[in-house]
Amino acid sequence: MRIPLSWLTSMVDIELTLDELVDRLNASGIEVEGVTRPGAGIEGVRTARVLHHEPHPDADSLRLVDVTGPDGTGEIRVVCGASNFDVGDVVLHAAVGARIPGMQLDARTIRGQVSNGMLASARELGLGDDHAGLLVLGDDVPLGAALDELVPVGEPVIEIAVQPDRGDQLSIRGVARDIAALLDTTLLPLPEIAPAPGAAGARVLLDTDGVGAFVAWTLEGAVVRRSPLWLRTRLAQCGVRSIDGVVDVTNYVMLELGQPLHAFDLDRVAGGMLRVRDAAGGEVLRTLDGTDRTLVAGDLVIDDEQGPASLAGVMGGERTEVHTGTRRILLEGAVWDPAAIRRTSRRLGLVSEASTRFERRVDPEGAAVAVARAAHLMTITADATIVGATSEGRTAGVWLASPTVEAAAPRIAGLLALDLDAGAQAALLRRAGCDVVVTGERLTVVPPSWRGDLSREADLAEEVARLHGFAHIPAVLPPLVLRGGLSPAQRLERSLREAVLAHGFDEVVTRPFVGERAFAGVHPSPGRVLLANPLAKDAAAMRPGLLDGLLATLRRNRGQGRAGMAVSELGRIHRPVDDALGGALDALLGAAWRWHGPDGQVLPLQPRAVAVAAFGSRGGDGWLDEHTTWDVEDVLAALDEIVRRADQGPLVRRAVERDGWHPGRTVVLEIAGVEVGIAGQLHPHACDAWDLPEPVVAGELLLEPLLHPARDGVRVPTAPTLVRHPAVVVDVAVVAPEAVTLATIAATVRDAAGELLDDLRWFDEFRGPQLPEGHRSVGLRLRLQDPERQLSDADADGVLRRVEEAVKGLGAAIRT
Amino acid sequence: VDASEVDALRVAALAAFSTAPDAAALEQARVDHLGRSSPLAAAQKRLGSLTDEERRSVGALLNALKADVTAAHDARHAELEAVELRARLESERRDLTGPARQTRPGRPHLLTQVEAEIVDVFVGMGFSVAEGPEVESGRFNFDLLNIPPEHPARGTMDTIYVDEDADVVLRTHTSPVQVRTMLTQAPPIAVVCPGRVYRADAVDATHSPVFTQVEGLLVAEGVTMAHLRGTLLAFARALFGDDREVRLRPSFFPFTEPSAEVDVSYESASGWLEILGSGMVDPAVLSACGIDPERYSGFAFGIGVERVAMLRHGVSDIRDLYDADARFLAAF
């Protein structure tokens with residue numbers, strides 16, 4: 001909403017500088033988005049009459065034009081590129097020495113002809129967007145007059161943003177009224193309006209409760225012509241395009257008073273009557289913008305005898321539109337149900353100045369004044385004569401009510417922490433136009449008809465605070481006596497994040513959308529949580545896993561010439577309700593990890609997960625070590641540490657072959673036999689697809705199995721007994737078939753060594769002709785200790801014998 | 001042996017030690033002068049053939065000689081050892097002015113850091129942290145927050161839908177977590193709700209379809225707007241510095257009444273920067289969530305983590321937060 005300062009000050013006394021006014025508006029909920037001065041800098045631009053014109057001898061598109069001089073007489077030659085004018089028209093001449101925004105005029109030779117200044121378009125003067133031709137004026141202006149003396153071009157125009165519940169501020173009058181309340185100053189009387197004629201106007205039937213007031217005046221003898229300069233200037237300042245002296249008046253009064261108006265060509269209104277009704281659905285109406293609109297039940301429509309003539313409150317119909325030949329006008333001002341207008345406007349994607357106002361609620365009592373004001377102006381701008389008036393109304397709409405609000409002054413004062421008694425509050429509310437009766441500490445408040453937002457005590461509290469000034473509200477810390485703090489699961493989540501970072505993976509945050517294809521990590525499935533209105537084709541669904549985003553990150557940085565990078569992300573992944581991932585988590589956690597809607601319906605799966613991915617050199621900052629690259633063991637180390645910190649597991653690794661992954665270097669990670677993660681190296685084809693050099697390593701782990709059990713607290717670790725007796729170290733080499741995994745050997749050795757085993761480490765892996773075909777030798781160092789006594793060689797021998805015996809079960813032997 | 005002979009032995013031994021150029025030569029000198037076949041050893045062996053009196057006087061001379069010679073050897077030994085160690089250490093010299101080889105720990109993302117910092121400010125004041133789903137029911141995201149079905153914010157221009165018929169949305173704020181909290185807990189309630197939220201905004205320098213919020217809710221008896229202001233002042237000072245002030249401006253949100261935009265004093269043209277929206281919880285929201293608005297009041301606020309991060313750290317393009325350029329990640 002743009003507010004030319006002169007228009008505003010015609011309605012309210014403001015004894016503030018512009019800056020002070022802007023600050024005051026900002027502090028009062030009327031957000032000033034900017035102050036512009038359209039046409040600022042205009043100097044020496046005068047009205048002039050076109051006396052004569054002829055084609056430029058050397059340029060087809062130019063004209064040589066003679067116009068009157070600064071005193072309205074004489075002749076000045078100008079070269080002009082426009083052709084939307086003729087002899088006798090009044091135009092604006094920027095003479096030699098004059099200024100228009102951004103330019104100082106001088107005599108110029110254009111294709112051999114001297115041009116003494118220029119004739120200006122609306123855009124060149126900052127008075128609109130029209131640059132197709134000259135700004136041609138009517139006969140309402142004297143010749144030779146300076147433009148800046150005729151109209152306040154260059155004055156400040158304040159652009160404000162209006163809160164959604166303050167539709168009453170979508171007009172000059174409304175803002176003036178609010179300023180008068182804020183400053184406790186005088187609101188000046190309404191501008192001149194026409195007295196209502198005695199005769200009745202057109203017949204109007206109201207067949208819906210979607211309408212409140214419906215006022216329709218009839219005017220005759222209209223001459224539709226261009227609007228006077230003062231009207232066009234104000235519309236231009238407000239960013240509204242000038243059409244003609246009828247339509248412009250409806251827009252002007254809408255800006256002035258906030259009541260949208262519509263002018264029908266009465267001769268085109270079939271039967272000369274209007275009927276307002278709820279659309280049945282299926283009717284087709286061509287609106288002013290030339291678009292055919294199919295109505296649905298719930299739309300409000302204005303019919304004439306021929307059918308739909310106007311889409312109520314949103315846009316008029318083309319069939320009954322005012323045109324240059326219009327003589328009889330039906331001027332309509334109505335008040336519509338905000339919800340109905342909002343629905344229609346939203347459904348059609350059609351937002352008009354009218355719908356914007358109606359959906360924020362228009363003053364139910366303002367239609368008559370606005371129509372009378374517009375009728376008065378049309379007698380000037382279109383020479384029309386007012387012949388009849390009709391005023392109908394319905395009162396059933398709940399949105400029309402201005403309920404009486406009962407409020408307790410001490411509660412309001414308490415909520416605001418402001419020392420304002422009932423009398424002080426009443427005085428503030430009266431400034432806003434409320435009727436207030438004070439009974440002890442109770443306020444009985446009847447808000448003014450234009451304030452639909454004041455219907456409850458809380459609304460009154462806000463108004464009291466606003467008019468008194470939010471700045472007076474003190475700052476006091478609440479006396480909280482609550483334990484607060486992070487829950488065990490939240491602390492654990494922070495700790496898990498730290499664990500991943502400690503392994504060298506930088507954290508990233510990616511946009512959690514994917515396109516048709518997404519790199520599959522844990523529990524691959526084609527299931528997607530698709531978006532109904534995605535923003536882009538490559539963002540059509542929520543991510544089913546985290547790896548896609550990480551690989552895209554690596555690719556971008558690789559494209560930047562990075563030799564290596566390691567990244568991690570912790571966030572939610574998304575699958576449909578019936579995805580197999582859900583069953584897997586249910587098996588571990590029961591169903592309580594799922595999120596539900598208000599009626600118990602299950603929302604799509606959105607478990608938390610962590611993923612890591614890396615490629616290339618891991619030499620650290622400042623080193624380019626092509627030979628030390630990120631390895632799948634780095635991924636495993638990070639994920640193992642996470643599970644250890646969460647006190648869950650054990651995390652069992654099982655080799656798998658999965659699409660996109662290296663068939664010999666990939667494992668799924670399982671807890672209690674349920675897949676909770678995956679780690680490995682990417683398949684060379686996947687590396688190619690992501691433009692990344694081999695090896696690329698990655699892993700993904702569901703966090704829900706770790707975090708969910710921590711909801712009710714985590715196990716408090718207890719200190720271990722630190723055995724002081726010396727340890728005995730035993731090294732063994734186990735020769736085993738290749739198929740026997742390290743995990744199996746380790747488990748077997750641990751089991752065999754029994755309670756004496758304190759620590760088990762790998763130290764060697766060997767293959768060679770000394771060994772049987774298809775075997776390898778792995779070296780293990782066992783550290784043995786007993787809390788009660790010092791161990792002997794015999795103890796060590798015993799362990800060794802048990803290990804030797806046990807590994808036989810694996811088809812393995814101890815090498816000596 | 002007499003005293004002059006002992007002196008000669010001493011002089012010879014000390015000379016041999018002091019001129020020994022290295023450990024091997026010193027060892028040879030030790031064998032020569034202190035070893036089993038040294039003159040000293042021979043003289044000591046001969047002591048047995050002397051009279052008691054001679055044995056006492058010569059023995060004392062020899063003992064003194066041995067002590068002196070041993071001490072001289074040990075001193076020279078230590079000296080040579082020091083020289084050799086010095087030489088070894090010199091050979092081990094490394095240029096330590098280059099970059100340290102390392103696996104640098106990863107860094108938490110700027111958004112994580114700022115979010116945690118904001119959360120911790122409120123945790124320090126006694127707030128708990130509440131969480132909820134990102135794919136959310138429209139009832140929780142809108143209806144219970146006083147945003148009716150035809151409200152413009154529910155349009156597909158603003159909200160990303162998963163299922164329009166079933167009214168399942170990507171949450172547009174973390175307020176539904178407040179709703180979930182109020183529906184399951186009795187006052188007093190003091191929670192902050194951090195998390196990702198979504199709007200139907202195309203990606204550009206100032207818009208992102210996904211961003212991060214920390215919302216807060218306090219519901220108890222006697223909560224006032226002064227408490228709102230005090231809490232947010234504490235937040236602003238914690239994040240931006242102790243010299244900051246906050247300014248409340250009337251505003252409108254469907255779920256609060258009165259509502260206020262909050263500005264923090266800042267080195268900007270107007271002297272203020274808008275950082276968050278807030279207000280007293282609308283009585284309709286309390287009622288819808290089963291809390292008696294006659295007895296309880298509350299305040300709520302919503303902080304944009306990206307906005308705070310961008311203001312405080314001079315990030316001019318919101319895309320930088322989501323594009324994960326290594327140079328950007330390394331800066332925080």
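Given the structure is predicted, the values throughout are model-derived calculations rather than measurements. Protein chains get the first letters and strands the later ones, always in sequence-line order, with residue 1 at the start of each. Excluded from the calculations below are hydrogen atoms, water molecules and symmetry mates; all remaining heavy atoms, backbone and side chain alike, are included.
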Which one of His109(B), Arg107(B), Arg104(B) satisfies the side chain to side chain donor-acceptor pair (under 3.5 Å) criterion with Asp506(A)? Arg104(B)
Derivation and outcome, side chain to side chain contact (heavy atoms under 4.5 Å, CB included), residues Asp325(B) and Gln560(A): CA-CA 9 Å; Asp325(B) 189 291; Gln560(A) 286 278 326; 4.1 Å; yes
Do Glu257(B) and Arg456(A) have side chains that get closer than 4.5 Å, going by heavy atoms? yes
Donor-acceptor pair, distance only, cut-off 3.5 Å: does the side chain of Arg511(A) make one with the backbone of Val210(B)? no
Under 4.5 Å from a heavy atom of chain A, the part of Ile160(B) involved: both
Quick check against the 3.5 Å criterion: does Glu134(B) have a side-chain atom that pairs as donor or acceptor with the backbone of Gln606(A)? no
What part of Val529(A) gets closer than 4.5 Å to chain B, counting heavy atoms only: side chain, backbone, both or neither? side chain
Part of Ala116(B) lying under 4.5 Å from any heavy atom of chain A: both
Counting C-beta onward and ignoring hydrogens, is there a side-chain heavy-atom pair between His151(B) and Arg342(A) closer than 4.5 Å? no
Give the intermediate values and the outcome of salt bridge (charged side-chain N to carboxylate O under 4.0 Å, His left out) for residues Arg572(A) and Glu131(B). CA-CA 12 Å; Arg572(A) 294 191 183 277; Glu131(B) 295 161 286; 5.0 Å; no
Are the side chains of Val168(B) and Gln601(A) in contact, using a 4.5 Å heavy-atom criterion? no
Does any N or O in the side chain of Asn533(A) come within less than 3.5 Å of the main-chain N or O of Tyr161(B), such that one atom is a donor and the other an acceptor? yes
Turns out that what part of Glu274(B) lies under 4.5 Å from chain A's heavy atoms comes down to side chain
Smallest separation among heavy atoms of Phe140(B) and Gly597(A), with atom names: CE1-C, 3.8 Å
With only heavy atoms counted, which part of Pro176(B) is less than 4.5 Å from chain A, the side chain, the backbone, both or neither? neither
Between Thr212(B) and chain A, which part of the residue has a heavy atom less than 4.5 Å away: side chain, backbone, both or neither? neither
Where is the tightest heavy-atom contact between Leu482(A) and Pro188(B), given as atom of each residue plus distance? CD2-CG, 3.9 Å
Could you check if a side-chain atom of Tyr198(B) sits within less than 4.5 angstrom of a side-chain atom of Phe513(A), using non-hydrogen atoms only? yes
Residue part contacting chain A, namely of Val119(B), when any heavy atom lies under 4.5 Å: side chain
Given heavy-atom pairs under 4.5 angstrom as the criterion, report whether the side chain, backbone, both or neither of His574(A) touches chain B. side chain
Per-residue contact mode, Ala284(B) against chain A (heavy atom under 4.5 angstrom): both
Given a strict heavy-atom distance threshold of 4.5 Å, which part of Arg199(B) is in contact with chain A: side chain, backbone, both, or neither? backbone
For Ala153(B), which atoms come within 4.5 Å of any heavy atom of chain A: side chain, backbone, both, or neither? neither
Below 4.5 Å from any heavy atom of chain A, which atoms of Pro149(B) appear? Answer side chain, backbone, both or neither. backbone
